Amino acid sequence: MKRKLRYGMVGGSLDAFIGGVHRKAIALEETAELVAGCFSTNSEKNLKCGEFYNLSGDRIYSDYREMAEGEKNREDKIDFVSIVTPNSTHFEISKAFLEADIHVMCEKPLCFTVEEAKELSELAKDRNLFFGVMYTYSGYPMVKLAKQLVEDGEIGHILNVNAEYLQDWLIDQVGEDENTDTNLSIWRTDPKVSGISNCVGDIGTHIENTVAYITGLHPKKVLASLDYYGKELDLNANIIVEYENGVHGVYSSSQVCVGHLNGLVVRVFGTKGSIEWVQEDPNYLKVVRKGEPEQIYHRGTAYVGGRAAELNHIPAGHPEGLVFAIANHYRSFMGAICKKLEGSSISNKDLDFPSVLDGVEGVKFIHAAVGSSKEGNIWREL
Ligand SMILES: NC(=O)c1ccc[n+]([C@@H]2O[C@H](COP(=O)([O-])OP(=O)(O)OC[C@H]3O[C@@H](n4cnc5c(N)ncnc54)[C@H](O)[C@@H]3O)[C@@H](O)[C@H]2O)c1
């Protein structure tokens, strides 16, 4: 491409969490520039953010609808929009930009209902637009290596999956020291903003997507036990899943596990070996072949090939983390947009980013888990 891509952002004011991470990740790639935004419903925060990024005044929009409409008719319209607002807004905002013929990268969970998720998926297909959903963790090179090892049969046939995502940031919401937290993230405990689930919707869904990426296995049905501790939404969840091939897995997610910050761990066990990836130590992958001592693969080394090797930003030994993983998804997403603009053919490799279809699976998983738990811990089909 002779020019940089132009992008806009909805959400992500300077005090927000993930919007700034998206901007830094896109900046790592050096192929796109931020030219438009509606960063907050608070006009002061919106303006402050737009001015911080030197946006021209007419492209700091006070409303996302105005932004989609305004951008749609410009000759230098944005090529894509990043949607980094709380869950309740994803459906309407995504729809508005798809209808303006603008490619979308939206945060997870995709939206509130399966019907909405399918509608977005159909709309993107009808309009021939790319629609990414930011399931961060499949962006890590060592997760890509895990996928490759599974595909190459290195651990044999999968027998079992055991994955957890443990945090403790909501521990003060339960027990003797209960207090009302006022931090920005607390909307996650409000069903009007978060949807039908807090814990499963926020982090359980990351387990589902990361496991599906590595193994190709999607849950067919789930048996879930969600813990609410007297709150409106779940704070802890234990879920048994059954995949299409009859194999089972266990997914535990929690926001009340004291001492755990962002503990996503995925373990896949096969007939010939096992793999384990730990998000808080993401540059390594543990692989054990039956009867052999464990091996630790390091990102960026000569013995790591394939997609894992293509997506290195800095040499081995220099840790890469969250911003790099998100940058990798943007590299693929933006690369696909460039190819489309140039009229080049697009391969499966070009589409190695989580899509709206992953978003649909995520919403189905959340609903099945909540339904299973509420109906007395029964098996629920997705
Ligand atoms: N992929 C990941 O690893 C990851 C990590 C964190 C958050 N998330 C997801 O990202 C989304 C945002 O989470 P967060 O923690 O950054 O939230 P946050 O509360 O920190 O930030 C949300 C931002 O959206 C703005 N906003 C809200 N409604 C808006 C609207 N209608 N128009 C414009 N701006 C609006 C707010 O002002 C704020 O700037 C959530 O869906 C969450 O699930 C994903």
Side-chain angles (χ1 to χ4, degrees), residues 8-25 36-50 52-53 60-68 81-97 104-112 132-140 143 165 167 169-170 181-190 192-195 197-210 213 233 253 255 261-262 264 279-280 282 321-330 333 353-354 358-359 362-363 366:
M9 182 168 275
V10 183
S13 53
L14 295 177
D15 58 343
F17 169 24
I18 208 69
V21 180
H22 280 243
R23 288 191 293 267
K24 289 176 182 79
C38 170
F39 304 99
S40 177
T41 44
N42 174 313
S43 56
E44 207 179 307
K45 289 185 182 186
N46 183 34
L47 197 62
K48 200 167 160 196
C49 190
F52 182 84
Y53 288 99
I60 306 172
Y61 298 92
S62 57
D63 183 275
Y64 71 84
R65 284 166 285 245
E66 196 187 292
M67 176 170 161
V81 64
S82 296
I83 301 169
V84 287
T85 51
N87 311 351
S88 54
T89 60
H90 292 174
F91 173 69
E92 293 296 344
I93 301 176
S94 299
K95 196 171 165 190
F97 283 91
V104 171
M105 175 63 83
C106 181
E107 262 303 344
K108 44 54 59 178
L110 176 58
C111 52
F112 273 16
V133 176
M134 190 47 76
Y135 279 111
T136 311
Y137 301 104
S138 57
Y140 280 96
V143 172
Y165 198 152
Q167 303 181 329
W169 72 281
L170 282 171
D181 197 327
T182 52
N183 81 41
L184 201 60
S185 294
I186 206 67
W187 60 257
R188 287 170 169 78
T189 60
D190 177 355
K192 287 192 286 306
V193 192
S194 201
S197 166
N198 164 30
C199 183
V200 177
D202 198 36
I203 55 178
T205 185
H206 273 301
I207 299 180
E208 188 278 317
N209 184 265
T210 312
Y213 183 77
L233 293 181
S253 50
Q255 297 149 324
L261 299 178
N262 202 48
L264 171 62
Q279 192 279 153
E280 290 185 355
L322 175 71
V323 177
F324 292 86
I326 291 186
N328 289 337
H329 282 331
Y330 271 110
F333 175 72
F353 59 86
D358 295 285
V363 178
I366 295 163

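When a residue number appears, it is its place in the shown sequence, counting from 1. Just so it is clear, the structure is predicted and the values come from calculations on it, not from any experiment. Read the numbers this way: they start at 1 and go in the same order the structure lists the ligands and their atoms.
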d(I83 CD1, S94 OG) to nearest 0.5 Å is 3.5 Å
Residues F39, F52; criterion side chain to side chain contact (heavy atoms under 4.5 Å, CB included); working and verdict: CA-CA 11 Å; F39 304 99; F52 182 84; over 6 Å; no
Could you pull out the closest heavy-atom pair between K108 and M134, with the gap in Å? CG-O, 3.5 Å
Considering all heavy atoms, the nearest F112-V363 contact: O-CG1, 3.9 Å
Just jot down the ligand 1 atoms closer than 4.0 angstrom to any heavy atom of [X], in number order.
X: S13; result: 37 (O), 38 (C), 39 (O)
X: G11; result: 24 (O), 25 (C), 33 (C), 34 (N)
X: F39; result: 25 (C), 34 (N), 37 (O), 39 (O)
X: V10; result: 32 (N), 33 (C)
X: P86; result: 22 (C), 24 (O), 27 (C)
X: T136; result: 1 (N), 2 (C), 3 (O)
X: I18; result: 4 (C), 5 (C), 6 (C), 7 (C), 10 (O), 12 (C), 16 (O)
X: H206; result: 1 (N), 2 (C), 3 (O)

Using 30° and 60° as the class limits, which term best fits the ring planes of Y137 and H206: parallel, tilted or perpendicular? perpendicular
Could you tell me whether some N/O pair between [X] and ligand 1 is separated by less than 3.5 angstrom?
X: K108; result: yes
X: M134; result: yes
X: Y137; result: no
X: P109; result: no

Using a 4.5 Å cut-off on heavy atoms from C-beta on, say whether the side chain of V133 contacts that of D358. no
Check whether any side-chain heavy atom of R23 sits under 4.5 Å from a side-chain heavy atom of Y53, and report yes or no. yes
Between [X] and ligand 1, find which residue part has any heavy-atom pair under 4.0 Å and reply side chain, backbone, both or neither.
X: D202; value: side chain
X: H90; value: side chain
X: W187; value: side chain

If the test is side chain to side chain contact (heavy atoms under 4.5 Å, CB included), which one of L322, N328, V323 qualifies with I326? L322
Only residue of D202, L233, T189 satisfying side chain to side chain contact (heavy atoms under 4.5 Å, CB included) with S194 is L233
Identify which of R188, H329, E107 has a heavy atom lying nearest to atom 4 (C) of ligand 1. E107
Side-chain H-bond candidate by donor/acceptor type, Y64 with T85, under 3.5 Å: no
